[in-house]
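Right, one structure below, let's go through it.
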Number of protein chains: 2
Amino acid sequence: MNSSDQKAYFFKIDTTIKKIRYALQKALDEANLDITVDQWVLIDHIFRNPGISQNDLGEMTVKDNPTVTRIIDLLVKKGLSERKMSESDRRRFDVFLTETGKEVYHKAHPIVVHVRRKSWSGLNDEDYFIFTRILDTIYKNITT
Amino acid sequence: MNSSDQKAYFFKIDTTIKKIRYALQKALDEANLDITVDQWVLIDHIFRNPGISQNDLGEMTVKDNPTVTRIIDLLVKKGLSERKMSESDRRRFDVFLTETGKEVYHKAHPIVVHVRRKSWSGLNDEDYFIFTRILDTIYKNITT
DNA sequence: TAAAATTAATTGTCAAAACAACAATTACAT
DNA sequence: ATGTAATTGTTGTTTTGACAATTAATTTTA
């Protein structure tokens, strides 16, 4: 009996991430931020990588190009993000947050941290180390 | 500096589960099973709980009622599942797999196990124990 | 240099997730 | 026993995900 025969951890990861996303959405809603979890994911990545291309955003967040296009469309419509034609490559857009977008980021960030802390309670640094090692291993196994 | 301040594990879980789902979908496609990952999730739960209600399916898989309704609709349309009116409660359906549905389950199961084993390689039983403990802890923290 | 291949982004379609509103049935409370 | 509340499932709408096809621009290579 190999550990990989045990009740599928796939279900456990799947249901856990769903609950986290759900809790995160509730918290964002309570703060009246009017963004979805996926919109927040892009906002966070754009904030930390101003001028990133949609393609790179997609690779970092594991979203395909059409999905990124549509979420950025929504962010632009909400006035949170803007596309600027790339100087070096006219196929690309450099994506930025607007001032409003940065404000939303700064409001959302502590909320996200709070949910993260709450969900991690009872767990310690060693757990974190092992947890990320396992997830990284699975990620590598599955993508190579 | 608390471990929960580190780069969000939320992203890591999120991207990893996406890669697993993607790999699983590829494997199911290669075997020409003509089902999606979420359809497989329901097939698996129905197989192991014949006559389960849609509501219970939703709780087990963390899908809301409309989502379950629609996936079951698709499974019924494909001839893999059937609804039977509950004897005791006329609001409920008892959901079953058809013979074809069971065949699909038996074809899909080894494929799923193979992907699971591949993604778990390099990891051991203790990893599994810790991994499930952490996921269970997060799940409890977030839902209480 | 010209043709071919690759890349970045968009559009269309269907599956799935979240939410709200709703219908039908059952359970509860007085 | 009647009216209220709760439960089960469906339908409609918007967002996200996967896939295919398309456009425009850039890179490769012949």
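From a predicted model like this one, the values you see are computed outputs, not experimental measurements. Reminder, nothing fancy here: chain letters follow the sequence lines and each chain counts from 1.
Near DNA chain D, meaning a heavy atom under 4.0 Å from it, residues 49-65 of chain B has B:S53, B:Q54, B:N55, B:N65 in order of number. Listed by residue number, B:Y22, B:K26 are the residues of residues 20-30 of chain B with a heavy-atom contact under 4.0 Å to DNA chain D.
Applying the 4.0 Å criterion to OP1 and OP2 of D:dT10, one finds that B:R92 has every side-chain N and O outside that range.
Connectivity analysis of hydrophobic side chains (ILVMFWY, heavy atoms under 4.5 Å, direct or indirect) links B:V62 to B:Y139. Grouping Ile, Leu, Val, Met, Phe, Trp and Tyr by side-chain contacts under 4.5 Å, direct or through others, leaves A:Y22 on its own.
Under the salt bridge (Lys or Arg N to Asp or Glu O under 4.0 Å) criterion, B:R90 pairs with no residue at all, not counting sequence neighbours. Checked against salt bridge (Lys or Arg N to Asp or Glu O under 4.0 Å), B:K63 has the following partners two or more places apart in sequence or in another chain: B:D38. Partners of B:E99 under the salt bridge (Lys or Arg N to Asp or Glu O under 4.0 Å) rule, at least two apart in sequence or in another chain, are B:K102. Under the side chain to side chain donor-acceptor pair (under 3.5 Å) criterion, A:N49 pairs with no residue, sequence neighbours left out. Every residue meeting the salt bridge (Lys or Arg N to Asp or Glu O under 4.0 Å) condition with B:D89, not counting sequence neighbours, appears here in chain and number order: B:R91. With sequence neighbours left out, the side chain to side chain donor-acceptor pair (under 3.5 Å) criterion links B:K107 to no other residue.
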- Task: Sugar-phosphate means primed atoms, P, OP1 and OP2; the rest is base. With that split, encode nucleotides 20-29 of chain D 5' to 3' as B, S or - using protein heavy atoms under 4.0 Å.
- Result: B---BBS---
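For residues 47-77 of chain B, the set of pairs meeting the ring-ring contact (aromatic ring centres under 6.0 Å, His included) definition, not counting sequence neighbours, comprises B:F47-B:Y105, B:F47-B:H106.
Distance from the side chain of A:I71 is smallest for D:dT16 among the nucleotides D:dA18, D:dT16, D:dT10.
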